[in-house]
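So the structure is just underneath, and the comments pick up after that.
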Amino acid sequence: MSTNLLMQFAQAIATKTIRVIDLTQTLEPTTPILPLPPEFGQSWPFKIEEISRYDDRGPAWYWNNFSCGEHTGTHFDAPIHWVSGKDHAHNATDTIAVDQFIAPACVIDVVQEVKDNPDFLLTQKHVEAWEQEHGRIPEGSWVLMRTDWSKRKGAKDYLNMDEGGSHVPGPHADLVQFLVRERNVIGWGGESVGTDAGQAFTSTPPFPCHCIMHGANRFGLASLTNLDQLPATGAVLITPPLKIVNGSGSPCRVLALVSSAT
Ligand code: 23J
Ligand code: MN
């Protein structure tokens, strides 16, 4: 085997010593999108329309047009998405340094906690207990909250709305502050439609994951899936958003590299 690090890496992928896990949900017209209160602008759902399919519209080729909001399906949130992150340099999908799109991940399993409480908020105390078992969250890591929420099929169960709004889990404001200040994480990722909890509009500040993470020039990943296939530590994520000019985010094919070597 080559002694070159990158050739060793390619070999490890080819021999499945390193496995590649797809953390992305398929984009389709039924992909749930976040409905905001009617006084606000609304995101377009994913729409796809055939241009031709080896037919009189194009005898030898198949292709589609598609349209959607930047925050549709499995997607990346850039700091410019939130007003708190608007003045950072290199804060949009086209200007973030590309090396930021490869980073390790810590996965915190809260499946049991969420089962009886869809409004569950992950706290600093819970993360410190996780660290007792798995070690300190390394600087520059993604913190991913595994809820199995992505196993809910259909917008009704996924968004879980009632008169009081959406009921989905997320991080507590104090935890987001801790992860930024004390752990210097690169961002937060979850399995539900956005990075914040459904009731995050009631917290201080409102939408703490958006407000504090993006205020600190950090990122978000929403609508992830297959987090149940990741180890608690040691996975590396590949998360490049589309290079949309001044983009606030974009649908993203999120991949995780997991080593089966010890
Ligand atoms: C706009 C306004 C509020 C929220 C969001 C977008 C998201 O969750 C998002 O996808 O970034 S909470
Ligand atoms: Mn988003």
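Order of listing sets the numbers, starting from 1, for every ligand and every atom in it.
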### Task
Check the side chains of T24 and T74 for a donor-acceptor pair under 3.5 angstrom, ignoring hydrogens and angles.
no

### Message
Would you say that more than 12 heavy atoms from the other residues, nucleotides or ligands in this model lie under 6.0 Å from the CD of E49, or not?
### Response
no

### Task
Starting at OG1 of T123, measure out to CG of D174 and round the result to the nearest 0.5 Å.
9.0 Å

### Query
Quick one: do E50 and R57 make a salt bridge, cutoff under 4.0 Å?
yes

### Task
Would you name the N/O/S atom of D77 that lies closest to the Mn ion (ligand 2)?
OD1

### Query
Closest non-hydrogen protein atom to atom 7 (C) of ligand 1, residue and atom name please, with distance?
H210 NE2, 3.4 Å

### Message
If I compare all heavy atoms of Q42 with all of P37, which pair ends up nearest, and what's the gap?
### Response
NE2-O, 3.3 Å

### Task
Give the residue and atom name of whichever protein heavy atom lies nearest to atom 10 (O) of ligand 1, and the separation in Å to one decimal.
H75 NE2, 3.2 Å

### Task
If you have a sec, work out which protein heavy atom is nearest atom 5 (C) of ligand 1 and how many Å separate them, to one decimal?
L34 CD2, 3.6 Å

### Task
Output the list of atoms in ligand 1 that are nearer than 4.0 Å to some heavy atom of F207, sorted by atom number.
12 (S)

### Location of contacts on W82 toward ligand 1, heavy atoms closer than 4.0 Å
side chain

### Query
Checking side-chain contact (heavy atoms from CB on, under 4.5 Å) for the pair H71/S248: CA distance, chi angles, key distance, verdict?
CA-CA 8 Å; H71 298 254; S248 77; 2.8 Å; yes

### Task
Please confirm whether T195 comes within less than 3.5 Å of ligand 1 when only nitrogen or oxygen atoms on both sides are compared.
no

### Query
Between F76 and W142, how do the two ring planes meet: parallel, tilted or perpendicular, split at 30° and 60°?
perpendicular

### Task
Could you tell me whether the side chains of R146 and N226 share a donor-acceptor contact shorter than 3.5 Å?
no

### Query
Hey, are D196 and H210 close enough side-chain-wise for a donor-acceptor pair under 3.5 Å?
yes

#### Entry: Min N/O separation D196 to ligand 1 under 3.5 Å
no

### Query
What's the shortest distance from atom 11 (O) of ligand 1 to any protein heavy atom, and which residue and atom give it?
H81 NE2, 2.6 Å

### Summary
If we number the atoms of ligand 1 from 1 as shown, the ones under 4.0 Å from a heavy atom of H71 are 9 (C), 10 (O), 11 (O)

### Task
Of all N, O or S atoms in H75, identify the one at the shortest distance from the Mn ion (ligand 2).
NE2

### Task
Assess the side chains of E128 and Q124: does a donor N or O sit below 3.5 Å from an acceptor N or O?
yes

### Message
Quick check on the Mn ion (ligand 2): does E70 put an N/O/S atom closer than 2.8 Å to it?
### Response
no

### Message
For a distance under 2.8 Å, tell me if H71 has an N/O/S atom near the Mn ion (ligand 2).
### Response
yes

### Task
Could you list the atoms of ligand 1 found under 4.0 angstrom from a heavy atom of G194?
8 (O)

### Task
Go through ligand 1 atom by atom and flag the ones less than 4.0 Å from a non-hydrogen atom of D77.
11 (O)

### Query
How about H210: does one of its N, O or S atoms come closer than 2.8 Å to the Mn ion (ligand 2)?
no

